[in-house]
Amino acid sequence: MNEGVRELGRLAQALVAEKEEEEKRLEAIIKNHSLNRRRAEGLTWSPVVINKQDFTFGGRVRIVVEKNASGGLDDAFRAGSPVHFYQANEQGLPMDAEAIRRGIIRKSTKSIVEIILDGPPIASNGLHERWTLDERADDRTFRLMAEALSHWINTENPHERHFRDVMLGIQPQLVQPQLSSNSSSEVLGLNELQWQWIEMAESAEVCSVLHGPPGTGKTTTLLAFIERAVARGERLLLCAPSNTAVDLLVMGCAERGMPLVRIGHPSRLDENIAQWGVDALVETEPDFKQVKDLRRRAESAWHGAQRFHRNFGKEQRVERTEQRREARSLQAEAADLERYIADRLIRKSPVICSTLVGAADSSLDHLKFDWVVIDEAAQALQPAAWIAFQKAEKVVLAGDPCQLPPVVKSEEANAAGLQVSALERLMLFFERGALMLTDQYRMHPKIMEPSSSFHYEGMLKAKGDWDLHQCRENPFEFVDTAGCGFDEVQDSSGFSIRNPDEAQFVIQRLIALLDVHAQSSIGIIAPYRAQSEVLNRTIERAVADQKIDPGMDITCSTVDAFQGQERDIILISLTRSNSHGVIGFLKEYRRMNVAMTRARHHLIVVGDGATLGQDDYYQALIEHAESRGAYRSAWEWMVD
């Protein structure tokens with residue numbers, strides 16, 4: 001058996017294990033945990049009421065639902081989350097398992113979400129009932145990844161087989177990428193390494209890898225590459241594992257005036273880039289007027305079918321059946337015309353943007369692109385990348401394997417290699433074709449130092465004019481809370497850790513910083529969701545007590561939420577403090593790398609050195625701070 005087939009077979013088995021783990025986890029929580037527990041863990045809203053029902057792009061049913069104050073955690077559901085929607089009994093379980101509706105969250109605010117539902121509209125008598133909303137496993141994504149792996153395992157096409165084995169690092173590229181230097185890099189505003197990578201990528205037979213550590217201009221380099229390809233008349237599919245990362249590519253291309261279409265379920269499109277979405281572009285086409293007219297007539301027919309009749313006999317039954325038939329026919333006709341307009345737009349656009357899973361959209365069936373460019377490829381599950389590879393003549397992978405890896409919950413799947421991204425795998429095997437950018441423009445040199453030393457073999461070089469007036473004496477500080485009695489506490493859910501005393505201390509440091517840096521953007525990062533929630537509540541109390549101006553630019557969240565972002569000042573609350581030296585997933589050092597490299601001018605890391613110092617990585621970080629006069633004890637601020 002071909003080695004590539006065996007490797008993809010292992011990935012397929014790992015994918016099955018991951019799917020089963022996710023389904024078991026959610027099923028166990030929904031079935032075995034009380035409604036109150038599910039609410040507390042952010043998995044359920046119940047009860048919710050329907051405020052509105054109408055139709056959106058493609059004739060999909062859209063509903064707006066709202067929970068009351070005790071219905072669950074605010075902001076529990078994010079845009080793009082798959083959900084179940086059903087009427088429940090007093091225990092919060094479905095009254096009728098056959099009547100569970102599936103949907104996708106389109107928009108979310110604190111207590112209101114907009115859902116795109118599968119299937120027909122909710123009958124008028126159900127619009128005034130109380131409903132329950134649950135998170136559900138994204139089985140569609142698993143299915144599409146499995147289908148992609150199956151394609152690459154079973155392909156008989158010699159070109160695809162060669163492509164497969166190159167992308168797995170099993171065979172070398174027949175035409176090796178060429179490295180060179182060119183003075184025209186100044187025209188594009190690129191440094192020498194950025195320009196060298198572009199030339200190398202353009203000369204690759206199958207694939208090129210761009211390793212972009214934080215602040216090195218990875219996105220700028222990618223956009224220059226894309227712009228040159230468009231100028232040559234080539235077509236590109238731009239992908240990333242998350243909608244947020246895709247939307248950054250959309251904005252970058254749009255700012256450079258490149259025509260593009262953003263593929264994706266309308267529920268997952270950010271409002272800032274919605275104008276480039278297929279639905280928005282379709283609506284600007286002259287023949288969309290016919291679609292609107294057909295939809296209006298379909299909606300009228302649905303209303304007629306649901307009209308109440310005091311005396312309901314055979315004649316009314318026939319009339320209702322006919323109106324439903326007419327409604328479905330009109331909806332189908334509208335959908336066909338809308339799909340035709342969308343296909344026309346997609347086929348003439350030089351740049352298409354989608355998530356990796358979105359590359360399986362039916363509108364891209366049978367299309368091939370000169371280039372498939374995958375940004376943030378180090379965060380992508382390999383099976384998801386193989387979905388997009390089906391559309392590629394050549395591939396560019398860009399990202400940083402020293403930052404957050406793909407999220408894998410199953411230990412079995414992780415052991416089988418599911419957490420190793422396609423980018424990381426290729427960097428292990430490529431002799432040529434991978435290049436790391438080393439000129440770093442985001443961080444003050446002293447903030448860059450620990451990240452460069454611990455993760456990039458000391459190769460990063462700080463560029464730019466760093467004005468120290470925006471920094472305190474030490475741009476990087478480690479504040480040790482050892483001996484302060486700031487003990488960690490397990491959250492009530494049993495799945496997260498918090499440290500209220502450390503949170504209070506961090507916000508006190510924040511308030512002091514704001515006195516000096518009122519105009520700075522500030523981020524507060526915690527490794528645990530429970531700790532970020534405690535920090536946010538502490539900030540809210542400080543705002544209520546007028547210690548913090550509500551207009552201040554302050555963001556507080558987890559490491560994952562900060563990936564790809566940056567702030568003038570970053571404070572990190574490491575949270576863990578116990579007598580056993582247990583640090584949990586702080587041992588995923590790439591998370592720490594992400595957290596530390598979000599800061600431009602000032603970085604403060606707060607943690608218990610007695611707990612953290614039992615780990616070699618964090619002991620080295622503490623020693624690094626000490627050697628540069630950047631170590632401080634929290635006792636400096638403690639008062640009797």
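Here the structure is a predicted model, which means the values were calculated and not measured.
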Would you call R297 and D293 a salt bridge, taking side-chain N to carboxylate O under 4.0 Å as the test?
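Answer for the salt bridge query: yes.
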SB check K24 E20 (cutoff 4.0 Å):
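Here K24 does not pair with E20 in a salt bridge, since their nearest N and O are not under 4.0 Å apart.
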Answer yes or no: is there a donor N or O on one side and an acceptor on the other, between the side chain of [X] and the main chain of [Y], under 3.5 Å?
X    : Y    : value
R256 : G252 : yes
R262 : A274 : no
W45  : T132 : no

Could you pull out all residues at least two apart from R344 that satisfy side chain to side chain contact (heavy atoms under 4.5 Å, CB included)?
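Only E285, D287, Y340, I341 meet the side chain to side chain contact (heavy atoms under 4.5 Å, CB included) criterion with R344.
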What residues form a side chain to side chain contact (heavy atoms under 4.5 Å, CB included) with A561, not counting sequence neighbours?
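S557, T558.
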Under 3.5 Å, is there a donor-acceptor pair between the T155 and R164 side chains?
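Checked: T155/R164 side chains show no N/O donor-acceptor pair below 3.5 Å.
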Under 3.5 Å, is there a donor on one side chain and an acceptor on the other for R130 and N68?
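The answer is no; no qualifying pair exists.
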What residues form a ring pair (Phe, Tyr, Trp, His ring centres under 6.0 Å) with W152, not counting sequence neighbours?
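Once residues adjacent in sequence are excluded, the partners of W152 under the ring pair (Phe, Tyr, Trp, His ring centres under 6.0 Å) criterion are F163, W386.
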Residues that W131 engages under ring pair (Phe, Tyr, Trp, His ring centres under 6.0 Å), provided they are two or more places apart:
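Once residues adjacent in sequence are excluded, the partners of W131 under the ring pair (Phe, Tyr, Trp, His ring centres under 6.0 Å) criterion are F85.
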Could you tell me whether the side chain of P383 reaches within less than 4.5 Å of the side chain of L418, counting heavy atoms only?
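Contact flag for L418/P383 side chains = yes.
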Is the shortest heavy-atom distance from the side chain of I104 to the side chain of V83 under 4.5 Å?
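I104 does not reach V83 side chain to side chain.
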Residue pairs, two or more places apart or on separate chains, that pass salt bridge (Lys or Arg N to Asp or Glu O under 4.0 Å) and touch residues 376-398:
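Residue pairs with at least one partner in residues 376-398: K218-E376.
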Residues 230-242 side chain polar contacts: donor-acceptor under 3.5 Å, at least two apart:
unit_1	atom_1	unit_2	atom_2	d
R232	NE	E234	OE1	3.4
R232	NE	E234	OE2	3.2
R232	NH1	E202	OE2	2.9
R232	NH2	E234	OE1	2.9
E234	OE1	W371	NE1	2.9
R235	NE	S349	O	3.0
R235	NH2	I346	O	2.7
R235	NH2	S349	O	2.8
S242	OG	A245	N	3.1

Applying the side chain to side chain contact (heavy atoms under 4.5 Å, CB included) criterion to F389, which one of M167, H151, E160, Q382 satisfies it?
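The option that passes is M167.
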